[in-house]
Amino acid sequence: MSQSDSQKFSTIAIHAGQEFDPSTGAVIPPIFQTSTYVQESIGVLRGGYEYSRGGNPTRTALETMLAALEGGKHGLSFASGLAAEDSLLRAVLVPGDHVVLGNDVYGGTHRLINRVHGAWGVRNTTVEMSDLAAVEAAIIPGETKILWVETPSNPLMKISDIASLVTIGHRHGVLVVVDNTFASPALQQPLALGADVVVHSTTKYLGGHSDVIGGGLVINDDELAEKTKFIQFAAGPVSAPLDAWLTVRGIKTLAVRMERHSSNALTIARYLDTHPAIEKVYYPGLESHSGHELAKAQMSAFGGMLSVAFVGGESAARRFAESMELFQLAESLGGVESLVNYPSEMTHASVRGTELEVATNIVRLSVGIEDIDDLLADLAQALPAS
């Protein structure tokens, strides 16, 4: 066992793929802001690099880090989370194949599978992932190729039993993909529970500072990794060197950030859970959450995301979202700053009219790492007086 095999997560997040620069001793590896590389001779490459669509040392460093964080063999970095998802789908699916996915996944994932790949003959079924019998019933033997799991889900924070879903999927020869964006590898590691692929929007908690767009895949199977890497090279949805470097920089503080995100979110969830204006709080850290015990078993903390349903319906939800001050009204999540989102017309507008439609009285909070007293004060001023 190498030293890295015995290192803890916080250490891996700082050091994986981050050897100092041998020519200068620089502690932080440089950004290789280049499109091409001088060859030793025709076809003889320096370090395997030929053209930056095919490979770049800064992207390699990020891909090494992604694999190490998730305890996997192969990490791949992309220009966005959806680019990562699309490349994996292209590597696995052909027209006529079938995908089973949760009925509360990110709207962009559903749009990609349902409308983009659907136009090429890929079919899909959405299902309640906590109902294992329903999941198994949705699998079409010989035709279902992917079981797509998102846990915690977006935006209702549903918790799926990864290990049990892996058992079902593998019994039918189905690839089990887990979107680990909300939890991050600091809190949950799906490959250790048997999943085949982990997908991330690295824009979110991995980058952590709302200053870069990116996506990542971690894959253990060599053949699948090679197929996906070919799509990455042939279609070109790669992360740029500066984007890769910014993501690496963000990852180095992931462990400490997730501790603060989680503690702040739990405090806020408990506060909102007692407020008369709130109908329901969706946060797995609450004992009342249907997935609480499962979340305790497969996560080390409960993360920084929560959603709330308002007693006063759509008008109350909109008024709250537009009255926040520290919680800024914006798309996305996972940054150090707190954000508020109205899913029905923002992140999940594309799934209105489908089974994935989000109720109009729901608001989603991405809880940042600001001082908790200031965040609570912002909530208090935006909520109606109790």
Side-chain angles (χ1 to χ4, degrees), residues 76 78-129 135 138 140 143-158 160 174-182 197-205 207 212-217 228 231-232 235-239 282 305 307 329-334 339 341-360 362-364 366:
L76 297 173
F78 297 84
S80 70
L82 285 170
E85 293 183 4
D86 182 53
S87 296
L88 176 66
L89 293 167
R90 290 202 226 184
V92 174
L93 303 173
V94 298
D97 284 345
H98 178 248
V99 178
V100 174
L101 67 161
N103 60 7
D104 186 45
V105 298
Y106 166 51
T109 298
H110 181 265
R111 179 178 58 216
L112 174 65
I113 293 172
N114 189 55
R115 297 181 61 183
V116 178
H117 286 269
W120 291 94
V122 171
R123 296 163 296 143
N124 73 85
T125 299
T126 56
V127 66
E128 173 56 57
M129 280 286 167
V135 173
I140 305 172
E143 297 180 19
T144 302
K145 298 299 168 61
I146 292 177
L147 178 57
W148 194 282
V149 183
E150 187 179 291
T151 182
S153 69
N154 182 6
L156 297 182
M157 304 301 294
K158 294 180 180 180
S160 298
V174 174
L175 195 75
V176 179
V177 178
V178 177
D179 185 334
N180 201 28
T181 297
F182 267 28
V197 182
V198 171
V199 60
H200 281 282
S201 171
T202 58
T203 307
K204 312 305 193 296
Y205 285 110
V212 63
I213 300 290
L217 298 173
T228 311
I231 298 295
Q232 182 192 43
V238 297
S239 51
Y282 301 89
M305 298 300 302
S307 294
L329 182 64
E331 300 269 357
S332 199
L333 58 103
L339 300 177
N341 174 278
Y342 185 64
S344 177
E345 293 194 19
M346 295 173 70
T347 52
H348 287 68
S350 66
V351 294
R352 282 201 299 260
T354 75
E355 185 185 355
L356 282 75
E357 184 175 52
V358 180
T360 56
I362 288 179
V363 169
R364 191 189 74 186
S366 174

Fill in: Gly96 backbone acceptor or donor facing Arg123 side chain under 3.5 Å
yes
Worksheet item: Which atom names give the shortest non-hydrogen contact between Ala359 and Ser344, and what distance separates them?
Response: O-CB, 4.4 Å
Worksheet item: Just wondering, do Thr181 and Tyr106 contact through their side chains at under 4.5 Å, heavy atoms?
Response: no
Item to complete: Check Arg364 against Phe182 and note the closest heavy-atom contact, atom names and distance.
Response: NH1-CZ, 4.4 Å
Worksheet item: Where the side chain of Tyr205 meets the backbone of Leu333, is there a donor-acceptor pair that is under 3.5 Å apart?
Response: no
Practice prompt. Can you measure from CG (Leu82) to OG (Ser201) and round to the nearest 0.5 angstrom?
Written response: 7.5 Å
Practice prompt. Look up atom CD1 in Ile213 and atom NZ in Lys204, then write down how far apart they are to the nearest 0.5 Å.
Written response: 6.5 Å
Fill in: Pairwise distance NE2(His200) to CG(Leu76) - rounded to 0.5 angstrom
12.5 Å
Worksheet entry | Working for side-chain contact (heavy atoms from CB on, under 4.5 Å), residues Phe78 and Asp86 | CA-CA 10 Å; Phe78 297 84; Asp86 182 53; over 6 Å; no
Item to complete: Could you tell me which non-hydrogen atom of Val100 sits nearest to which non-hydrogen atom of Val127, and how far apart they are?
Response: CG1-CG1, 3.6 Å
Fill in: 4.5 Å side-chain heavy-atom contact, Glu150 and Leu101
no
Worksheet item: When you measure from the side chain of Ser153 to the backbone N and O of Lys158, does any donor-acceptor pair fall under 3.5 Å?
Response: yes
Discussion item. If I compare all heavy atoms of Ser307 with all of Pro155, which pair ends up nearest, and what's the gap?
Written reply: OG-O, 2.6 Å
Discussion item. side-chain contact (heavy atoms from CB on, under 4.5 Å) for Glu85 and Ile113? Distances and angles first, verdict last.
Written reply: CA-CA 9 Å; Glu85 293 183 4; Ile113 293 172; 6.0 Å; no
Worksheet item: Got a donor-acceptor contact below 3.5 angstrom from the Thr203 side chain to the Gly214 backbone?
Response: yes
Worksheet entry | Sub-4.5 Å side-chain heavy-atom contact between Met129 and Thr151 | no
Practice prompt. Answer whether the closest heavy-atom distance between the side chains of Val99 and Lys145 falls below 4.5 Å.
Written response: no
Worksheet item: With no hydrogens and no angle check, is any side-chain donor or acceptor of Ser160 less than 3.5 Å from a backbone partner on Val149?
Response: no
Worksheet, complete the sentence: Which of Thr109, Ile146, Asp97, Val122 passes side chain to side chain contact (heavy atoms under 4.5 Å, CB included) with Leu89? Answer is Ile146
Item to complete: Would you check if the side chain of Ser366 reaches a backbone N or O of Gly334 as a donor-acceptor pair within less than 3.5 Å?
Response: yes
Worksheet item: Quick one: are Glu345 and Thr360 in side-chain contact, heavy atoms under 4.5 Å?
Response: no
Worksheet item: Which distance, rounded to the nearest 0.5 Å, do you find between the OG1 of Thr202 and the CG of Leu217?
Response: 10.0 Å
Fill in: Minimum-distance pair of heavy atoms, taken over all atoms of Ala79 and Val238
CB-O, 3.5 Å
Worksheet item: So, do Arg90 and His117 sit near enough that their side-chain heavy atoms are less than 4.5 Å apart?
Response: yes
Fill in: Heavy-atom check, side chain of Ile362 versus side chain of Leu156, under 4.5 Å
yes
Discussion item. What I'd like to find out is whether the side chain of Val199 reaches to under 4.5 Å of the side chain of Leu88, using heavy atoms alone.
Written reply: no
Fill in: Leu329/Met346 under side-chain contact (heavy atoms from CB on, under 4.5 Å): CA gap, chis, key distance, verdict
CA-CA 10 Å; Leu329 182 64; Met346 295 173 70; 4.0 Å; yes
Practice prompt. For Ala138 and His98, work out which heavy atoms get closest and say how close.
Written response: O-CE1, 3.3 Å
